[in-house]
Amino acid sequence: MRYFSLLCCLFTLSALTAAEYSPVKHRKPKGNEIAVTEPGSYDKANTTYVLTKNINSTTSPIFLGNNVTLDLNGYTITYADGNYQHINNYDFADGLKGWDVKKAPGAQVKNTEFTKPMIGKNSLFLPNGQEIVSPYVELPVANRSYYAMVAASKQGKYFGIYVEDENGKSIDCAFKFGSNTRVSCPEKKRGPKMGGGIVFAHIHGLPAGKYRIRVKALTDGVVIGAIDLRPTMDVGISIVEKTMPWAYYKCILDGDGCAFFDYTKKGSTSEPKAGIPRVSGSGNITIKNGIIKAGSETIRSWAIQSTASKAQIHIDNVKIEASGSNANAISVAQGSLKNSHITLNSPFIIDRHRRGSCAVSFHGKAPSHVSHTEFIGGQGCLHIGGDKSEVHNNIFRNHQTVTNHYSLSCDGNGSKVYGNQFLPTIGSGIYIFRRRNVEVYNNTFEITSAPPNNEYGHTDYSTNAIRISDYNADPGSKRGWCEGNRIYNNTIKVTSQDYKQALDSYISVAYGIFMSVGGGKNYVDNNTFIMDNKNPGSKRSSTYAFYIGGSNQGGAFTNNTVTANTTPVWIGNRYGVGHNVLLANNNFIKAKGAKSYTPIILGYYKHPTKNIKLISNNFKGLEFNVKINDYTTKFISEYEFGWTVGVETKPNTEVTVTHEHSGKQTTHSADKNGRLNLTLAQFRATGDKITDTSSYTITANGKEKSIKANKDQIIKLK
């Protein structure tokens, strides 16, 4: 345990030197630089704009043109700064206090912190057909967008959302474009997607005043974590090529993007209002040296947002702070982020399936570069989409309470991730999804199993240092597949614990590498894993260094060192089958003080293993053993256990191996130095049946030698 503590300290100390944001002293504009003192549009090409005071706006203050630099000059831009307030007791922290429940006699508030966590500790259980009405809240800014939001627990549970003015009149809002009309409020029958999420009615174009929300359950099982009216779609610094006014809830279900709704020309689906600069074509826009923050708790907002598809957005030495659901920092196509600091408080989000709804998203196809930046909080820290991007020397302190919002979603083929510190308070490290030839090296990870989230409170739920997944796709799949990714020279510490406050059926799990791949071979080599299960006897807590399931191409795991106090390898598991896995030259070490355990588990129920090769692995403090975990007689896991036999002969010599048990021969060639490494099976196992395969004859240079493949060895046939 002393070693674990020391390692933790070393991780933290090295992390503190990896990223930086430096406040700057104010200066006067010089030369042709232009002072910025108020909200507005700043679009003169090849111009540097310099803030000379703090800028505040109730909505979105700054719009930039192409090929400009905005020097924040140590000042702060504050957006959504309009004295916006919550509905009183919006998260039911005080039960039903302040809520009108005349039409909801069966409404109950219960503590769901460890069963259905969403916004706070409590949730409202609203029976079918009953409705609840909020207190009034003042919306202080007219003619802008607000979301009447309902954080809801479960897919397939429907309710209606209505907004009423101070006279109790129901508000009707619609988005009109061309001959089309899309109603955005009320939402008469809606529910969240899988995983739960935030459903909303979109109101806009209304006068300032007092408003309230009425919510009516339309099915049994409606569970609500919060109801509130919040400003939405505000942006600190806006870069506009087109608008995307797809702001009503159906657009979420359809997968549409949204940007600059309140700045869209009436009747258009993409054209901004007059006076908003449009950025088209390639170019470079730089934002540097200051602070951008949200002035209130919002929903669906950004510090920097760009729809310029070809422009490069460069962000240097910027500090960003925001809070609220889907309150994110940066959404741009491509560019760079460096020497910056981002802090977000986002307890729950609209749709967990949108991995780009995270703190920072570079969503274009061109390569981007992110370095020396500290990310704190957010539902996922960084999504990077361009091929051959680089992510290095950053600190990721993710606070992920929804599924699959990793610290880093790496969606660019051929990208490189190195020198980073992945230290989530809750959540996972890196997700490589349907991508190829990504390199992840020289990073450190500290991953801890998570308490239940809203989606997974009744079963097992995992956090992972690195997940590589194409959901067992076929090679060449149109949707993408994983192949050629390499994970090497990383230090990965994984801890799990039993969350006793959770339901008895909840299992907290933490993995080093979670592999679920069908497309091609991936490589995990020369990494150090430290696996610490705090409750090693509990069935509700587990850690695995290598968790390989739902994988027809399980990958090659070589030259890794794994120190663990419980079983570190499970191939063919709850997630699916495990086929075509090589474990070679790894060191498996029983942690000091740990009880004896089986180092490798193969199979689970109807998820057997096939073509598993265990070659030249070392077991310190452990007896080699494999537990076959198939639950049915028709599905039998298999594996091969063997060693490395080195042959030394004359250069480029043909080497023949004869398997004495079967008589089968294979032919190989020594290299230019006369060397060849063979992997030869000592035995093969099918279920509990063991077949000795250890006798071989090796022939080269007119000489032969019979051997037993029962250890690593070198033979000379010169």
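Any value given below was found using the heavy atoms of this structure, including those in side chains, with hydrogens, waters and symmetry copies removed. Count residues from 1 along the sequence.
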Do you see a donor-acceptor pair shorter than 3.5 Å between the side chains of [X] and [Y]?
X	Y	answer
N611	N580	yes
W643	Q682	yes
S541	S496	yes
D411	S409	no
N533	N565	no
K493	T495	yes
T558	N585	no
N559	D525	no
T632	K606	no
T697	S706	yes
N437	N413	no
H661	T693	no
H369	H392	yes
T403	N453	yes

Taking the six-membered ring where the residue is Trp, are the ring centres of [X] and [Y] under 6.0 Å apart?
X	Y	result
F546	F529	yes
Y471	F433	yes
Y604	Y631	yes
F641	F624	yes

Keeping the roles fixed (side chain from [X], backbone from [Y]), state whether a donor-acceptor pair exists under 3.5 Å.
X	Y	answer
D692	S694	yes
Y499	S449	yes
S415	S389	yes
Q379	T401	yes
N625	T598	no
D474	S477	no
Y575	G572	no
N464	F514	no
N573	I548	yes
H405	I349	no

If I take atom [atom1] from residue [X] and atom [atom2] from residue [Y], how far apart are they, to the nearest 0.5 angstrom?
X	Y	atom1	atom2	answer
S538	D498	OG	CG	3.5 Å
R486	K416	CZ	NZ	11.0 Å
C381	L408	SG	CG	9.0 Å
I589	L622	CD1	CG	9.0 Å

* Asked: Can you say whether the rings of Y461 and Y456 are parallel (under 30°), tilted (30 to 60°) or perpendicular (over 60°)?
  -> parallel
* **Which residues share a salt bridge (Lys or Arg N to Asp or Glu O under 4.0 Å) with R467, sequence neighbours left out** => none
* To do: Flag the pair E455 and R352 as a salt bridge only when some basic side-chain nitrogen lies within less than 4.0 angstrom of an acidic carboxylate oxygen.
  => yes
* Any ion pair linking R684 and E638 (charged N to carboxylate O, less than 4.0 Å)? -> no
